[in-house]
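Below is one structure, written out as structure tokens; comments come after it.
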Amino acid sequence: MLDLKFVRSNPDKVLEALQKRGAAVGLDRFLELEEKRRRELVEVEQLKSKRNTVSEEIGRLKKSGQDAENLVLEMRQVSQQIKEMDEELKAIEEELSFSLLTIPNIPDESVPVGTTEEDNLEIRKWGEPKGFNFDPQAHWDIGENLGIIDFERAAKVTGARFAFYRGLGARLERAVINFMLDLHTREHGYTEIFPPFLVNRDSMTGTGQLPKFEEDAFRIESIDYFLIPTAEVPVTNLYRGEILDGEKLPIYHVAYSACFRAEAGAHGRDTRGLIRQHQFNKVELVKFAYPETSFDELEKLTANAEKVLQLLELPYRVVCLCTGDLGFSSAKTYDIEVWLPSYGMYREISSCSNFVDYQARRANIRFRRDPKSKPEFVHTLNGSGLAVGRTVAAILENYQQEDGTVLVPKALRPYMGVEKIGK
RNA sequence: GGAGAGAUGGCUGAGCUGGUCGAAAGCGCUCGACUCGAAAUCGAGUGUGCGGUGAUGAGCUGCACCGUGGGUUCGAAUCCCACUCUCUCCGCCA
């Protein structure tokens, strides 16, 4: 969330940011409430101050055996009044914090202004989509023909948007996960985390999935836990409510997790294949950084994710999301899009974002530069490194052969033990 | 699942027959003295949040915070209730 004091003293900047995002929200109600809160706070605190001094006086009088009945009666009234005002204040603060939690982050100045993904800015391209001298198949056909992915039985066992992997398909999924984890831990300096796949409401609020996007998540009704939509949630919340030692920054974590998304509002989109599943695997990169270097860290994080595609020799491009396409909590996001022959286009395979202090303020994650200095909010970043299902889809499609088999990318052969996936 | 114990500041740990307790003491940390330097020793300091004032600084000042949320009371770290978590024992299970 944004800083309350910042919103109060810079409503024009906040409104401008909201407008750039295409979020038609006003701030009038918010500012009015904010002022009312301070007014009432001053009043009730004066009463509390009075109660404190008089209560002390009562204590003294009673100790010396004097009568204090008048004061007790008076304070009984005051306490009643305080109670009423506290209740009113609580209601105001609840509404205030709810609206603060529903204001998105302010886009960084370097983010292109735009309304839809059409306005995203292509930053660079890597590799050349190779042509086929035969009709390339979509990955779901390849997977089903080779008997390594089974959507039909998954629909029977669970429902739509689930998959069984089988044999070399299952091994490929596992190989991709291990390859990514090894790369990021050994070459890029990330510490591996294996997180819980269920988190509580506070964690989902800390990273910004709640309160606004509850319908996108799977919730466990009996206990009010949520299936994580990304490892970003447990890993960023790892340090929720903590004050980190400044010397430990920046912290780099990489985590494999399954991810669960309700995909509400995505009916009819990507109904076939691995692109949009209710459950998918992902290797996630998470950073906790000094404010002054967080945008450099974003460049490095994006490069770390790109490295996976380079080693897998899959063509991709990097786009900078425009203000209208930017995620709710993000100040700046690069999407990495991999070439998918069946779509004849680049599809998102990673999203790398700098949230600056937005998540840190929600989750109250701070650091101290020196033992003496005041705590400051860290900057949090994350990015897929990469989405595993989409990577498998890209491998199947880009490495397919005319005879229906699929070559294994060189980087994965040590993990697969075979050079080719055939019948 | 049954029985019991506990949750206090960066840490350890007093307080818990309600009232000078934001909280003893020790450790740690910061600054200073001593030292060529260090250790030891000595001295001083050392929480966070939200308000007011002030320049969105320093300072001064008010309120809140002793797991979380309620309650009793003029007054609660201290009493009562609920919840969460931790530990011990028993049972059960991988």
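Proteins come first, then strands; the chains are lettered A, B, ... in the order of their sequence lines, and each starts at number 1. Please read these numbers as outputs of a predicted model, since none were measured by experiment.
If you take CZ of A/F367 and C1' of B/rG10, they are 17 Å apart, rounded to a whole angstrom. In this structure, CG of A/D202 is placed 14 Å from C1' of B/rC83, rounded to the nearest angstrom. Regarding A/N52, its CG atom lies at a distance of 5 Å from the P atom of B/rA64, rounded to whole Å. Between the CZ atom of A/R76 and the P atom of B/rU73 there is a distance of 8 Å, rounded to whole Å. A/I58 places its CD1 atom 12 Å from the P atom of B/rA76, with the value rounded to the nearest Å. Here B/rU48 presents its P atom at 13 Å from CD of A/E376, a figure rounded to the nearest Å. Per the geometry, CG belonging to A/D245 stands 17 Å off P belonging to B/rG28, to the nearest Å. In this structure, the CE atom of A/M85 is 13 Å from the C1' atom of B/rG51, given to the nearest Å.
Counting heavy atoms of neighbouring residues, nucleotides and ligands inside a 6.0 Å radius, atom NZ of A/K212 exceeds 12 of them.
Classification of A/R390 and A/D270 as a salt-bridged pair fails, no side-chain N sitting under 4.0 Å from a carboxylate O. Between A/D224 and A/R219 there is a salt bridge, with a side-chain nitrogen of the basic residue lying less than 4.0 Å from a carboxylate oxygen of the acidic one. A salt bridge is defined here as a Lys NZ or Arg NE, NH1 or NH2 lying under 4.0 Å from an Asp or Glu carboxylate O, and A/R29 with A/E95 meets this definition. A salt bridge links A/R369 and A/E376; the closest N-O separation between the charged side-chain nitrogens and carboxylate oxygens is under 4.0 Å. Using a cut-off of 4.0 Å between Lys/Arg side-chain N and Asp/Glu carboxylate O, A/E263 and A/R161 are scored as not salt-bridged. Ion pairing between a basic and an acidic side chain is recognised when a charged N comes within 4.0 Å of a carboxylate O; A/K156 and A/E152 show no such pairing. Taking a cutoff of 4.0 Å between a charged side-chain nitrogen and a carboxylate oxygen, A/E16 and A/K20 qualify as a salt bridge. A/K83 has no carboxylate O lying under 4.0 Å from a charged side-chain N of A/E87, or vice versa, which leaves the two without a salt bridge. In this structure, A/E93 pairs ionically with A/R37, as a charged nitrogen and a carboxylate oxygen lie closer than 4.0 Å. Salt-bridge annotation for A/K62 and A/E57: absent, with no side-chain N of the basic residue lying under 4.0 Å from a carboxylate O of the acidic one.
For B/rU46, neither phosphate oxygen OP1 nor OP2 lies less than 4.0 angstrom from any side-chain nitrogen or oxygen of A/R368. Applying the 4.0 Å criterion to OP1 and OP2 of B/rU73, one finds that A/S79 has every side-chain N and O outside that range. In this model, the phosphate group of B/rU56 is not approached by any side-chain N or O of A/S9 to a distance below 4.0 Å at OP1 or OP2. An OP1 or OP2 oxygen of B/rG75 is reached within less than 4.0 angstrom by a side-chain nitrogen or oxygen of A/R51.
The closest side-chain heavy-atom distance from A/L396 to A/I149 is below 4.5 Å. Residues A/T391 and A/I349 are in side-chain contact: their nearest non-hydrogen atoms beyond the backbone lie under 4.5 Å apart.
Spacing of P atoms, B/rA14 relative to B/rA24, comes out at 14 Å, to the nearest Å. With both ends at atom P, the span from B/rA64 to B/rG43 equals 35 Å, rounded to whole Å. If you take atom P in B/rU68 and the same atom in B/rG9, they sit 10 Å apart, rounded to whole Å. Distance noted for atom P between B/rG67 and B/rG28: 26 Å (whole Å). B/rU72 sits 12 Å from B/rG18 when the C1' atoms are compared, rounded to a whole Å. The separation of B/rU20 from B/rU41, taken at their P atoms, amounts to 34 Å, rounded to a whole angstrom.
Toward the 5′ end of RNA chain B lies the nearest nucleotide of A/E93, the other residue of the pair A/K48 and A/E93 mapping further downstream. Along RNA chain B, the nucleotide nearest to A/K5 and the one nearest to A/E56 differ in position, and the one closer to the 5' end is contacted by A/E56.
Less than 4.0 Å separates RNA chain B from at least one heavy atom of each of the following residues of residues 63-75 of chain A: A/V72, A/M75.
Helical stems involving RNA chain B, defined as 3 or more consecutive Watson-Crick or G-U pairs under 3.5 Å, span B:1-7 with B:84-90, B:10-12 with B:25-27, B:28-33 with B:41-46, B:47-53 with B:59-65, B:67-71 with B:79-83.
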Inset, instruction - Sugar-phosphate atoms are those with a prime plus P, OP1 and OP2; base atoms are the rest. Using that split, label each nucleotide of nucleotides 66-72 of chain B B, S or - for protein heavy atoms under 4.0 Å, 5' to 3'. - result: ----SS-
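Classification of the A/F197-A/F194 ring pair by plane angle, with boundaries at 30° and 60°, yields tilted.
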Got a list of protein N/O to nucleotides 57-59 of chain B N/O distances below 3.5 Å?
none

Expected rows: protein N/O vs nucleotides 52-55 of chain B N/O, under 3.5 Å:
residue: B/rG52; atom: OP1; partner: A/R38; partner atom: NH1; Å: 3.4

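Counting only distance, with no hydrogens or angles, the side chain of A/T293 and the backbone of A/A289 share no donor-acceptor pair below 3.5 Å.
Defined by atom type and a distance below 3.5 Å, a donor-acceptor pair is missing between the side-chain atoms of A/Q209 and A/D216.
When the options A/E337, A/R347, A/R124, A/E306 are evaluated for a side-chain hydrogen bond (donor to acceptor under 3.5 Å, both in side chains) with A/Y316, the one that passes is A/E306.
In terms of the ring pair (Phe, Tyr, Trp, His ring centres under 6.0 Å) criterion, residue partners of A/F162 (sequence neighbours excluded) are, by chain and number, A/H278.
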